[in-house]
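First comes the structure, then the notes that go with it.
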Amino acid sequence: MPRPRQTGTQGSSAPRWAARLSSGCGSRIIPSSHPCPHGPDCLDKRQANTAQVSERLIVMLSTGGDPSRAADRPVVTRFAPSPTGYLHIGGARTALFNWLYARGRGGRFLLRIEDTDRERSTPEATAAILRGLTWLGLDWDGEAVSQFDRKDRHAEVARAMLARGSAYKCFSTQEEIEAYREAARAEGRSTLFHSPWREADPATFPDAPYVIRMKAPRDGETVIQDAVQGAVTIRNDQLDDMVCLRSDGTPTYMLAVVVDDHDMGVTHVIRGDDHLNNAARQTMVYRAMEWDVPVWAHIPLIHGPDGKKLSKRHGAVGLEEYQAMGYPAAGMRNYLARLGWSHGDDEFFSSEQAKSWFDLSGIGRAPARLDFKKLENLCGQHIAATDDAALLHEIEAYLAAAERPALSGTQQDGLLRAMYCLKDRAKTFVELIEKAHFALTDRPVLRDEAAQRALDPVSRGILAELTPQLQSASWDRDRLEAIIADVAGAHGLGLGKIAGPLRAALAGRSVSPSVFDMMLVLGREETIARLNGAAG
RNA sequence: GGCCCGUUCGUCUAUCGGUUAGGACACCAGGUUUUCAACCUGGUAAGAGGGGUUCGACUCCCCUACGGGCUGCCA
């Protein structure tokens with residue numbers, strides 16, 4: 001049956017359902033763009049920012065219920081974590097994919113906090129998620145939407161479904177349902193709950209709390225056209241009448257997701273494949289409301305190095321831990337993007353490249369394992385490719401995240417001067433700081449055991465010989481190399497024999513940049529002072 | 001239990017019926033070398049198993065095994 005429909009570029013007349021649902025603030029667009037006349041509880045109380053954007057969203061809202069339409073509209077993706085803990089590394093990758101897809105197509109990337117579970121949601125977790133995304137460099141459009149704030153709109157849709165006959169009131173208590181499942185299990189039957197209230201006469205309704213359940217079709221099948229998994233068919237008799245509105249009037253995830261994705265104009269739902277089955281039931285809500293079904297893309301989960309589901313025993317699962325371990329955000333983005341997605345043989349790439357290359361068709365179907373070695377390798381390449389000033393900023397953020405002491409002004413200067421010989425040899429900021437020690441420390445240079453050993457009496461003697469020659473030498477690399485080679489040669493030694501003690505004197509440890517680079521960075525005065533300090 | 005998804009070198013992956021199955025990380029050997037790192041050269045290493053379809057299958061279909069997910073008034 002043909003339905004009147006607006007295209008993305010025209011007008012103002014809302015479709016039938018929009019008119020029906022326009023009684024509450026929920027029918028407005030979410031992303032905080034409107035001043036809302038509906039009072040303090042309305043989500044849209046936030047300040048308007050880009051009126052232009054909301055215009056566009058309104059237009060998008062006015063398309064009809066044809067599943068194919070979503071793909072034709074300007075891309076809108078979202079990341080919708082539940083704030084029950086830190087930002088999981090797998091969630092971070094999901095966010096990244098959504099971000100990449102939207103940003104690569106001039107679309108919008110939205111953020112929604114799925115906090116309808118009041119027991120488990122915490123503001124701390126929300127803050128941690130926002131921090132994590134910010135660190136990763138995934139900027140979202142508009143303000144983060146609180147799903148809980150939209151509960152009135154969810155309830156409104158549930159009532160609309162009731163009015164349409166696609167949902168019903170169910171008075172079964174949780175005890176009754178549990179007993180039903182218990183019995184079903186015992187008899188080996190399906191535990192899917194079949195509510196006795198599905199076709200009940202309203203005259204028989206008790207005066208008791210009820211939930212609103214979806215009246216899901218029992219025959220036929222629901223096909224999910226998934227951009228990653230292909231066509232996935234699920235028999236409708238495998239699905240039960242899911243609860244949309246709890247007995248306390250709050251929405252369930254299954255309803256809220258659909259309502260919010262629809263209202264936010266989400267065109268592409270890219271999420272973990274643990275939601276693949278859910279997509280079928282969610283499709284039923286879209287159909288019931290005659291809304292556009294978004295393009296689905298269910299991506300495989302990330303597993304630990306042992307191939308098992310990622311959990312705390314694998315070590316770092318929270319994104320912020322990676323920052324504290326000294327991985328640069330650019331390397332993290334590169335690695336995460338490459339995990340489960342590919343663009344031919346490209347391994348090392350910038351976020352700009354990733355944005356232009358990213359496509360749903362490049363996403364793999366098998367779960368991927370975390371490989372820290374590869375992460376490190378990529379991070380090393382990104383550190384080497386980042387300019388010095390940007391690195392300094394990132395390092396300072398790393399120090400704060402790792403709860404390590406901040407850099408003093410002189411340390412910042414020293415680090416910047418030494419950066420050229422540091423950035424090519426560090427895979428993480430931990431390594432970089434370790435190697436930068438010579439430029440960050442003051443005299444007297446504290447020496448570790450290995451350095452102590454390198455400075456035996458003979459070596460100290462040679463260093464003492466070296467000092468006077470350095471006094472008058474022109475301070476460039478070639479000259480320095482020549483002088484040191486001469487001194488070593490005079491003792492019948494190779495450069496290696498003298499570089500050890502020199503390194504110990506200058507850096508106090510055995511891991512550092514080349515001795516010549518250190519001398520160049522430190523300058524004549526400081527170099528000689530450190531040599532004297534080691535000789536004495 | 002039922003349903004859904006997956007399975008190419010140790011790891012991430014390329015391949016989209018015809019390739020000596022390619023690349024990257026890791027690993028091994030050699031080179032360079034003042035430590036660490038980087039770098040150069042070379043090497044080991046893969047289509048889970050079994051049936052089909054086809055002139056031809058890693059690629060399409062079925063079965064099995066293994067892994068994962070869903071099966072909540074969690075998300």
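In this text the structure is predicted, and so the values were computed from the model without any measurement. Protein chains get the first letters and strands the later ones, always in sequence-line order, with residue 1 at the start of each. These numbers come from the heavy atoms of this one structure, side chains and all, not from hydrogens, waters or symmetry mates.
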Checklist entry - Above 12 or not: heavy atoms from other molecules or residues under 6.0 Å from CZ of A:R246? => result yes
Item to check | Separation of the P atoms in B:rA21 and B:rC39, to the nearest angstrom | outcome: 29 Å
Got a list of protein N/O to nucleotides 8-10 of chain B N/O distances below 3.5 Å?
none

Checklist entry - Counting only non-hydrogen atoms, which of residues 505-513 of chain A are less than 4.0 Å from RNA chain B? => result A:S510, A:V511, A:S512, A:P513
Side-chain donor-acceptor pairs under 3.5 Å in residues 494-507 of chain A, sequence neighbours left out?
from	atom 1	to	atom 2	distance (Å)
A:R503	NH1	A:S512	OG	2.8
A:R503	NH1	A:P513	O	2.8

Checklist entry - Which part of the nucleic acid, if any, lies within reach of A:G340 when heavy atoms closer than 4.0 Å are counted: base, sugar-phosphate only, or nothing? => result sugar-phosphate
Checklist entry - What is the ring orientation for A:H268 with A:Y101, classed by angle as parallel under 30°, tilted 30 to 60°, or perpendicular over 60°? => result tilted
Checklist entry - Taking the six-membered ring for Trp, are A:Y327 and A:Y322 parallel (under 30°), tilted (30 to 60°) or perpendicular (over 60°)? => result tilted
Name the pairs: protein N/O against N/O of nucleotides 41-47 of chain B, kept only if under 3.5 Å.
none

Next on the checklist: Between B:rU33 and B:rA14, how far apart are the two C1' atoms, rounded to whole Å?
Outcome noted: 35 Å
Checklist entry - Out of B:rA26, B:rA37, B:rC5, which nucleotide sits closest to the side chain of A:K435? => result B:rA37
Checklist entry - Checking all strands, does A:G496 fall into the base, sugar-phosphate, or nothing category for heavy-atom contacts under 4.0 angstrom? => result sugar-phosphate
Next on the checklist: At 4.0 Å (heavy atoms only), tell me whether A:L495 reaches a base, stays on the sugar-phosphate, or touches nothing.
Outcome noted: base
Item to check | Same-atom distance (C1') from B:rA38 to B:rA75, integer angstrom | outcome: 46 Å
Item to check | Interatomic distance at C1', B:rG18 relative to B:rC58, whole Å | outcome: 13 Å
Checklist entry - Can you check side chain to side chain contact (heavy atoms under 4.5 Å, CB included) on A:K374 and A:E347, steps first, answer last? => result CA-CA 10 Å; A:K374 185 145 187 177; A:E347 301 282 352; 3.1 Å; yes
Item to check | Salt bridge present between A:D240 and A:R281 (N-O < 4.0 angstrom) | outcome: yes
Checklist entry - So, are A:R185 and A:E178 salt-bridged, with charged N and O less than 4.0 Å apart? => result yes
Next on the checklist: Does the plane of the ring in A:F171 sit parallel, tilted or perpendicular to the ring in A:F205? Use 30° and 60° as the thresholds.
Outcome noted: tilted
Checklist entry - Relative to each other, are the rings of A:Y180 and A:F193 parallel, tilted or perpendicular (30° and 60° limits)? => result perpendicular
Checklist entry - Using a cut-off of 4.0 Å on non-hydrogen atoms, how would the nucleic acid contact of A:Y335 be classed: base, sugar-phosphate, or nothing? => result nothing
Checklist entry - Under 3.5 Å, is there an N or O donor on one side and an acceptor on the other linking the side chain of A:R365 and the base of B:rC5? => result no
Item to check | Pairing of A:D517 and A:R477 as salt bridge, 4.0 angstrom limit | outcome: yes
Checklist entry - Between B:rG47 and B:rA57, how far is it from one C1' atom to the other, in whole Å? => result 11 Å
Checklist entry - If you look only at pairs with a residue in residues 481-519 of chain A, which of them pass as a ring-ring contact (aromatic ring centres under 6.0 Å, His included), with sequence neighbours excluded? => result none
Checklist outcome for this item: A correct 5'-to-3' footprint of nucleotides 68-75 of chain B, with B, S and - meaning base, sugar-phosphate only and no protein heavy atom under 4.0 Å, is SBSSSBBB
Checklist entry - In whole angstroms, how far is the P atom of B:rC5 from the CD atom of A:Q225? => result 12 Å
Checklist entry - Quick one: is B:rG2 close enough that its OP1 or OP2 comes under 4.0 Å of any side-chain N or O from A:S190? => result no
Next on the checklist: With rounding to the closest Å, how many angstrom separate the P atoms on B:rU71 and B:rA37?
Outcome noted: 48 Å
Checklist entry - When rounded to the nearest Å, what value does the distance between P atoms of B:rA48 and B:rU59 take? => result 8 Å
Next on the checklist: Considering every strand and a 4.0 Å limit on heavy-atom distances, what is the contact class for A:T233: base, sugar-phosphate, or nothing?
Outcome noted: sugar-phosphate
